[in-house]
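We number each residue from 1, following the sequence as shown.
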Amino acid sequence: VQLQASGGGLVQAGNSLRLACAASGRTGSRPVMGWFRQAPGKEREFVAYVTWSGSSSYYANSVKGRFTISRDNAKNTIYLQMNSLKPEDTAVYYCAAGPHIATVSRIYDYWGQGTLVTVSS
């Protein structure tokens, strides 16, 4: 499975940004797609996951109500719509594919290259 993340950039606090992650290869072998982020000097943390079937999605408390994860099966692409962005959302965002639902990064065995999101105050 190959993953290509895009959509990062510099935005002001309160604004929105949408990330995309295009998947290719044997995506059927990895039914769960997740977003993680890593801020400078901090460990990678879970943001959200969704299943390709659409049967399940889940968010970290820190983003619940502001971020929405979705998928377009026809395009093999998942999205992360980020609204009401805060400076503490600044991080490199990674998409990942895994064999089952999980919020821990070690379960996900395919990773995209990351896209930088910077939120200015």
Side-chain angles (χ1 to χ4, degrees):
V1 178
Q2 294 80 43
L3 304 174
Q4 180 72 37
S6 62
L10 172 64
V11 295
Q12 289 189 326
N15 285 354
S16 301
L17 205 60
R18 190 178 79 156
L19 306 182
C21 176
S24 60
R26 297 183 60 189
T27 57
S29 69
R30 292 297 180 267
V32 182
M33 295 293 293
W35 284 101
F36 289 78
R37 66 186 182 185
Q38 187 166 18
K42 294 188 176 182
E43 294 187 353
R44 191 170 298 188
E45 66 173 0
F46 168 77
V47 175
Y49 70 65
V50 68
T51 56
W52 283 116
S53 68
S55 62
S56 182
S57 63
Y58 186 75
Y59 299 88
N61 287 335
S62 58
V63 306
K64 197 173 298 182
R66 300 188 298 123
F67 290 11
T68 302
I69 190 170
S70 62
R71 89 271 187 236
D72 184 334
N73 292 58
K75 295 182 178 180
N76 276 353
T77 299
I78 65 165
Y79 303 96
L80 186 69
Q81 178 66 43
M82 305 185 293
N83 298 330
S84 302
L85 282 162
K86 305 175 181 179
E88 50 264 43
D89 293 319
T90 295
V92 176
Y93 283 71
Y94 299 89
C95 59
H100 58 79
I101 59 174
T103 61
V104 292
S105 60
R106 59 181 171 81
I107 299 299
Y108 294 81
D109 47 3
Y110 293 94
W111 292 81
Q113 84 286 6
T115 184
L116 176 63
V117 173
T118 304
V119 184
S120 63
S121 57

Distance-only criterion, 3.5 Å: show the donor-acceptor pairs between side-chain atoms of residues 113-121 and protein atoms not counting sequence neighbours.
from: Gln113; atom 1: OE1; to: Ala5; atom 2: N; distance (Å): 3.1
from: Gln113; atom 1: NE2; to: Ala5; atom 2: O; distance (Å): 2.8
from: Thr115; atom 1: OG1; to: Gly8; atom 2: N; distance (Å): 3.0
from: Ser120; atom 1: OG; to: Val11; atom 2: O; distance (Å): 3.4

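At a threshold of 4.5 Å between non-hydrogen side-chain atoms, the residues Gln4 and Cys21 do not count as touching. Ile69 has its side chain out of reach of Met33: every pair of non-hydrogen atoms, C-beta onward, lies at least 4.5 Å apart. Contact check for Tyr93 versus Leu80: side-chain heavy atoms found under the 4.5 Å cut-off.
Geometric assessment of Arg18 against the ring of Tyr79 yields a positive cation-pi assignment under the 6.0 Å and 45° thresholds.
The hydrophobic clustering, which links ILVMFWY residues whose side-chain heavy atoms are closer than 4.5 Å, places Val47 and Trp52 together.
The aromatic rings of Tyr108 and Trp111 sit perpendicular, their planes meeting at an angle over 60°, well past the 30° parallel limit.
The local environment of NZ in Lys64 is crowded, with over 12 non-hydrogen atoms from other residues, nucleotides or ligands closer than 6.0 Å.
The salt bridge (charged side-chain N to carboxylate O under 4.0 Å, His left out) pairs that include a residue from residues 80-98 are Arg37-Asp89, Arg66-Asp89, where partners are two or more places apart or lie in different chains.
Contact between Ala23 and Leu3 at its shortest, heavy atoms only, is CB-CD2, 3.6 Å. In this structure, Pro99 and Arg30 approach most closely via the heavy-atom pair N-CD, 3.6 Å.
When atom types are taken as modelled, the side chain of Arg71 and the backbone of Ser53 share a donor-acceptor pair closer than 3.5 angstrom.
For Tyr94, there are no ring-ring contact (aromatic ring centres under 6.0 Å, His included) partners at least two apart in sequence or on another chain.
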